[in-house]
**Q** 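Sharing a structure below in structure tokens format, with a few things to ask.
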2 protein chains.
Amino acid sequence: MTGPVRGSRERMVFSAAQLIRRDGVTATGMRDVVTHAQAPRGSLQHHFPGGKQQLVNEAVDWAGRYAAKRIARFLSEMPEPSPSLLFAAMVRQWTDEYQTTGFAGGCPVAAATVDCAHATDATRQAAAAAFAAWSRPVAQALTDMGVPAEQAGSLATLMISALEGAILIARAEQDVRALLTVARELGPLLDAASSDARRGSTGESH
Amino acid sequence: MTGPVRGSRERMVFSAAQLIRRDGVTATGMRDVVTHAQAPRGSLQHHFPGGKQQLVNEAVDWAGRYAAKRIARFLSEMPEPSPSLLFAAMVRQWTDEYQTTGFAGGCPVAAATVDCAHATDATRQAAAAAFAAWSRPVAQALTDMGVPAEQAGSLATLMISALEGAILIARAEQDVRALLTVARELGPLLDAASSDARRGSTGESH
DNA sequence: CAGCTACTATGACGGCTGTCATAATCGGAT
DNA sequence: ATCCGATTATGACAGCCGTCATAGTAGCTG
């Protein structure tokens, strides 16, 4: 709707995100991105005058927005949403990919953080923004399910932390075990936070 | 005890781990490692005939053994150990570093996984072994605290996953918030698993 | 002394990287 | 037809990378 052949520029950002999450930022060359996106090499300096940094930052931004949209989609597909079901859906996205496509890629935001957090501050900020964009709809969904507002943000951070860590372990082990484990162990805790609130209990832990 | 000036070889492995966790595997050059370790460049091909791959793999191995030793030390320093206190100690190691030294580095095993899991299978296996070496003493400690054996491994995976993810987020945000959050939110769940078991409860979980 | 092994020094090689300078092409609007 | 901005093509540049070939030194053993 905006571009002619669906924007070669957008294709490059998308391809960058895909290659980054597979090989890391430093190991991903601009020529690789151009090839993967089937885009003209000459367009690079026109669309991304800021060089590789700009391309990487936009890829990280895109990943953050993508993750946020997935949360919305998960919720819309859920007849009776609950915290544990949302987390299970987030995890299942990864187990599905790993079981069908293989363990080639991880999270592009994690890759950018590991590779650029120290060397390139702008990319570090982009990663922080991506985590925030991802976390916001999760926390909002938790409050909608009855989790007290001051705990929703914390649980969202916990969910994303556990998911990111499990992705790492699953990729290293080439086994979805870690992903299934965190979903199983964390589910009851998440649901307890929403049902406790629905019951109106304030002081707990006996 | 084995080397003359405490082994230039060991220094290179250690420096490799430090640089990898700061800049990532690909961005860390062998010349950088030699410089950082103040080691003779000519020793590289003698001590690491397998090239960069061998050096990286040994650095990952070292990191795994180091993490395992830290668990043992945490436990030995704890008068009355509990799952939540162990996890708090694991988290505090990172908040301490970040608050005193800055947010320069992350976990070297995570960096190796992100950077090499797809390209270099041997490094991926080294990362998996490091996670296993790290997880084993955690699970053992949990069983010693009364967590049922079949749940101890799962909780160890959950702890390491949440910690790794929180490290990522903390580094991106340059704020220890995520680390403090996972410690606070996960603590009660961990202690419940050990006290439940001590009470002898067997079947429920839904 | 020689001889052997462990370690170090040095320089070079091909290949890849991000970036840039320059020019060509294309699509509309005038 | 002419012009102009947006897009693309192409080639080159300096710099870094991991690796290797070769030679040298130190230290122990005979």
Side-chain angles (χ1 to χ4, degrees), chain A residues 1-20 22-60 111-112 115-116 118-123 126, chain B residues 1-20 22-60 111-112 115-116 118-123 126:
Chain A
M1 193 177 280
T2 54
V5 212
R6 220 213 197 142
S8 70
R9 204 198 116 104
E10 303 174 62
R11 285 207 313 276
M12 285 192 268
V13 173
F14 176 77
S15 289
Q18 261 192 281
L19 294 180
I20 285 171
R22 188 198 304 272
D23 302 316
V25 173
T26 312
T28 296
M30 319 234 70
R31 292 165 175 86
D32 300 335
V33 173
V34 163
T35 301
H36 185 273
Q38 293 186 292
R41 181 164 95 84
S43 308
L44 263 178
Q45 62 179 113
H46 179 256
H47 287 305
F48 306 95
K52 184 176 187 178
Q53 223 205 85
Q54 182 184 354
L55 178 57
V56 170
N57 292 2
E58 293 203 23
V60 171
D115 252 13
C116 306
H118 176 250
T120 314
D121 196 71
T123 304
Chain B
M1 192 177 280
T2 53
V5 212
R6 218 211 198 144
S8 71
R9 204 197 117 105
E10 304 174 62
R11 285 206 313 276
M12 285 192 267
V13 174
F14 177 77
S15 290
Q18 259 192 283
L19 294 179
I20 285 170
R22 189 200 301 275
D23 303 317
V25 173
T26 312
T28 296
M30 319 234 69
R31 293 165 174 86
D32 301 335
V33 173
V34 164
T35 301
H36 185 274
Q38 293 185 282
R41 182 164 95 83
S43 308
L44 264 177
Q45 62 179 110
H46 179 257
H47 287 305
F48 306 95
K52 183 176 186 176
Q53 224 206 86
Q54 182 184 352
L55 178 57
V56 170
N57 292 1
E58 294 203 23
V60 172
D115 252 13
C116 305
H118 176 250
T120 314
D121 196 70
T123 304

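Only a predicted model underlies this, so the values are computations on that prediction, with no experimental measurement involved. All chains are named by letter (A, B, ...) in the order of the sequence lines, taking the proteins before the strands, and each is independently numbered beginning at 1.
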**Q** Can you tell me how far CD of B/E58 sits from CD of B/E10, rounded to the nearest 0.5 angstrom?
**A** 10.5 Å
**Q** With side-chain contact (heavy atoms from CB on, under 4.5 Å) as the criterion, how do A/S8 and A/R11 come out once you've worked through the C-alpha distance, each side chain's angles and the decisive distance to 0.1 Å?
**A** CA-CA 5 Å; A/S8 70; A/R11 285 207 313 276; 3.7 Å; yes
**Q** If every non-hydrogen atom of A/H118 is compared with every non-hydrogen atom of B/D23, which pair is closest and at what distance?
**A** ND1-OD1, 3.3 Å
**Q** Between A/P49 and A/A27, just flag the one whose closest nucleotide in DNA chain C comes earlier from the 5' side.
**A** A/A27
**Q** When you measure from the side chain of B/K52 to the backbone of B/G29, do you find a donor-acceptor pair of N or O atoms at a distance under 3.5 Å?
**A** no
**Q** Students should find this one: the first and last nucleotides of DNA chain D, 5' to 3', lying under 4.0 Å from a heavy atom of chain B. What are they?
**A** D/dC17 to D/dA21
**Q** Ignoring hydrogens, what is the shortest heavy-atom contact between A/V34 and A/L44? Give both atom names and the distance.
**A** CG2-CD1, 3.5 Å
**Q** Does any residue of residues 32-43 of chain B have a heavy atom under 4.0 Å from DNA chain D, and if so, which ones, in number order?
**A** B/D32, B/R41
**Q** Main chain of B/T26, side chain of B/D115: is a donor-acceptor contact present, judged purely on distance under 3.5 Å?
**A** yes
**Q** Hey, does B/T26 reach any base, or is it just sugar-phosphate, or nothing, if we go heavy atoms under 4.0 Å?
**A** nothing
**Q** Please report the distance, rounded to the nearest Å, between CD in A/Q54 and P in C/dG18.
**A** 15 Å
**Q** Over the length of the helix from C/dC1-D/dG30 to C/dT30-D/dA1, how much do the five-pair end axes diverge, rounded to 10 degrees?
**A** 10°
**Q** Provide the closest heavy-atom pair for A/V25 versus A/A111 in the form atom of the first, atom of the second, distance.
**A** CG2-O, 4.2 Å
**Q** Could you state the CG-C1' distance from A/L19 to C/dT17, rounded to the nearest angstrom?
**A** 15 Å
**Q** Using whole Å, report how far CD of A/Q45 lies from C1' of C/dA21.
**A** 8 Å
**Q** Which whole-number value in Å describes the distance from A/L44 CG to C/dG18 P?
**A** 10 Å
**Q** Between A/R31 (CZ) and C/dG15 (P), how many Å, whole number?
**A** 15 Å
**Q** side-chain contact (heavy atoms from CB on, under 4.5 Å) for A/F48 and A/R9? Distances and angles first, verdict last.
**A** CA-CA 9 Å; A/F48 306 95; A/R9 204 198 116 104; 3.9 Å; yes
**Q** What's the verdict on side-chain contact (heavy atoms from CB on, under 4.5 Å) for A/Q53 and A/C116, showing C-alpha distance, side-chain angles and the deciding distance?
**A** CA-CA 10 Å; A/Q53 223 205 85; A/C116 306; over 6 Å; no
**Q** Is the phosphate of C/dA9 approached by B/H46 (side-chain N or O, under 4.0 Å from OP1 or OP2)?
**A** no
**Q** Report the C-alpha separation of B/S43 and B/M12 in whole Å, then their side-chain angles, then the decisive distance to 0.1 Å, and conclude whether the side-chain contact (heavy atoms from CB on, under 4.5 Å) test is met.
**A** CA-CA 10 Å; B/S43 308; B/M12 285 192 267; 3.9 Å; yes
**Q** Give a yes or no on whether the backbone of B/N57 and the side-chain of B/T123 come within a donor-acceptor separation of less than 3.5 Å.
**A** no
